[in-house]
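Counting starts at 1 for both ligands and their atoms, following the listed order. Starting from 1, each residue takes its place in the sequence as its number. Since the structure is predicted, the reported quantities are computational estimates derived from the model, not experimental observations.
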Amino acid sequence: MTTLPSTAEHPGTDPAADPDPTPLLRIDGLAKQYRADGPFVSRDLSFEVRSGEFVAIVGPSGCGKSTLLRMICGLLDPTEGTVLLDGTAVTGPPPEMALVFQDYTRSLFPWLTVAGNVGFPLKRRSDLSAADKEARIAEAITAVGLAGFEAYHPYQLSGGMQQRVAIARALAFRPRILLLDEPFASVDALTKENLEDLLLTIQQRYADEGITMLLVTHDIDEAVYLADRVEVLGPPPCRVVEELPIDLPRPRHQIRTRGEQAFLEARALIHERVGLNKQRADS
Ligand code: ADP
Ligand code: MG
């Protein structure tokens, strides 16, 4: 386990400083049609993610964000285009990626304890000893601030704590890329702030391993607060309509960061883009 660095300037945010020209993830011309005679959910959707980046994807409800994440992590085949991980096409779920869903009530097993849920995906990992698995489970539970709750069952935990368990389960896999699909859409405002800051803590904690975060959200403020870069998606068939680097210092702070001029400008610009997109979709 890495210790918290004192400065949280994250690797990969400056393209000039990146010695590796191959991005960790290249989303290249993705198009998706669920049925051959149906509408395109996305079309000509392209962007890149470098190792260690925190990228947020923002777009209106129903624009195809979850579809995009499922294509990225190999759960859904694109109709056109490719997802390249380290330059190699993704054709099935790669072990380097873990996905956290919005609905923790459906993603946790109610009959398993916290430790049981976090360790569940490791069960079939024959490359890991029992001791390694125990260590990973303990590390992931500590990383999300749930040490001491290992023997609890989901029904004994608050919604925010349950989502922490789901995040720990993804971390126990030691993914290079953590994909999060509107993970905080079902919790109250204060819990949401705590969980947002948890993601920043996790990013710092695993900085040496270069964990990369890809967060889908419809919450523009959340995207700006957390990300190094925001990809704004347009209405269906969705594609990237704006790519906005977020020039805000780290570590970020719920009050100070949200009061900064750069924060206000970024959120205004994204609101405008999403608003324009809505008008176009309505007309
Ligand atoms: P978002 O996550 O941005 O709200 P989704 O990716 O869930 O959007 O959905 C985008 C569009 O694709 C919607 O019109 C939705 O009805 C459609 N869609 C999603 N999943 C399926 C599916 N399994 N079969 C057919 N259509 C789907
Ligand atoms: Mg969705």
Side-chain angles (χ1 to χ4, degrees), residues 25 27-47 49 54-83 90-93 97-108 159-160 162-163 166-167 169-170 177-188 191-192 195-196 199 213-227 229-244 267 270-283:
L25 209 53
I27 315 304
D28 192 12
L30 284 191
K32 182 65 188 175
Q33 243 179 332
Y34 277 101
R35 285 196 344 244
D37 59 347
F40 275 92
V41 175
S42 53
R43 207 161 204 180
D44 197 21
L45 180 48
S46 303
F47 64 97
V49 180
F54 197 132
V55 174
I57 300 165
V58 176
S61 183
C63 81
K65 302 181 296 296
S66 296
T67 301
L68 168 64
L69 270 200
R70 278 188 242 129
M71 290 193 282
I72 291 175
C73 68
L75 290 173
L76 197 62
D77 287 333
T79 308
E80 288 166 23
T82 43
V83 175
V90 170
T91 52
M97 298 190 204
L99 180 59
V100 175
F101 298 97
Q102 173 184 338
D103 192 353
Y104 49 83
T105 55
R106 282 196 299 174
S107 68
L108 296 182
Q162 290 182 48
Q163 193 56 303
I167 294 170
R169 184 177 55 188
I177 309 175
L178 187 59
L179 303 132
L180 302 124
D181 191 357
E182 309 222 34
F184 313 140
S186 310
V187 296
D188 63 83
T191 305
K192 187 178 162 101
L195 290 171
E196 287 167 358
L199 291 187
M213 304 280 205
L214 197 52
L215 169 78
V216 157
T217 179
H218 63 259
D219 182 334
I220 294 171
D221 287 26
E222 178 172 279
V224 176
Y225 177 63
L226 291 173
R229 183 155 45 81
V230 177
E231 304 283 345
V232 185
L233 301 182
C238 81
R239 61 183 178 83
V240 174
V241 293
E242 186 80 48
E243 211 167 38
L244 190 65
R267 80 191 280 268
I270 298 170
H271 266 285
E272 193 188 353
R273 293 299 278 148
V274 171
L276 279 176
N277 295 332
K278 268 192 202 138
Q279 277 171 19
R280 274 194 218 121
D282 294 341
S283 62

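- Contact annotation: for T67 versus ligand 1, heavy atoms closer than 4.0 Å belong to both the backbone and the side chain.
- Protein heavy atom closest to atom 23 (N) of ligand 1, with residue, atom name and distance, is Y34 CE2, 3.5 Å.
- Residue R229 qualifies as enclosed at atom CZ: its count of foreign heavy atoms under 6.0 Å is above 12.
- Protein heavy atom in closest approach to atom 7 (O) of ligand 1: S66 CB, 3.8 Å.
- At least one heavy atom of C63 sits less than 4.0 Å from an atom of ligand 1.
- The nearest pair of heavy atoms linking C73 to M97 is CA-SD, 3.7 Å.
- Distance check: K192 NZ to Q163 CD gives 11.5 Å after rounding to the nearest 0.5 Å.
- Annotation: G62 places an N or O atom under 3.5 Å from an N or O atom of ligand 1; distance criterion only.
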Anything under 3.5 Å between a donor and an acceptor, one on a side chain of residues 99-106, the other on a protein residue two or more places apart or in another chain? List them.
| unit_1 | atom_1 | unit_2 | atom_2 | d |
| --- | --- | --- | --- | --- |
| Q102 | NE2 | S186 | OG | 3.2 |
| D103 | OD1 | T105 | N | 3.2 |
| D103 | OD1 | T105 | OG1 | 2.4 |
| D103 | OD2 | R106 | NE | 3.0 |

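- When distances from atom 15 (C) of ligand 1 to the protein are checked, no heavy atom turns up under 4.0 Å.
- At least one donor-acceptor pair closer than 3.5 Å links the side chain of S46 to the backbone N or O of G29.
- Taking the side-chain hydrogen bond (donor to acceptor under 3.5 Å, both in side chains) definition, one finds that D188 meets it with T191, sequence neighbours left out.
- Shown here are the side-chain hydrogen bond (donor to acceptor under 3.5 Å, both in side chains) partners of T79, two or more places apart in sequence or in another chain: there are none.
- Between the side chain of K65 and the main chain of I57, no donor-acceptor pair closer than 3.5 Å is present.
- Checked against a 3.5 angstrom limit, the closest N/O atoms of E182 and ligand 1 fall outside it.
- Rounded to the nearest 0.5 angstrom, R70 CZ and I72 CD1 are separated by 12.0 Å.
- Annotation: atom 8 (O) of ligand 1 to nearest protein heavy atom, G64 N, 3.2 Å.
- Of all heavy-atom pairs between A185 and H218, the closest is CB-CE1, 4.2 Å.
- Within a radius of less than 2.8 Å around the Mg ion (ligand 2), the protein N, O or S atoms are S66 OG.
- Among all non-hydrogen protein atoms, the one lying nearest atom 12 (O) of ligand 1 is V41 CG2, 3.4 Å.
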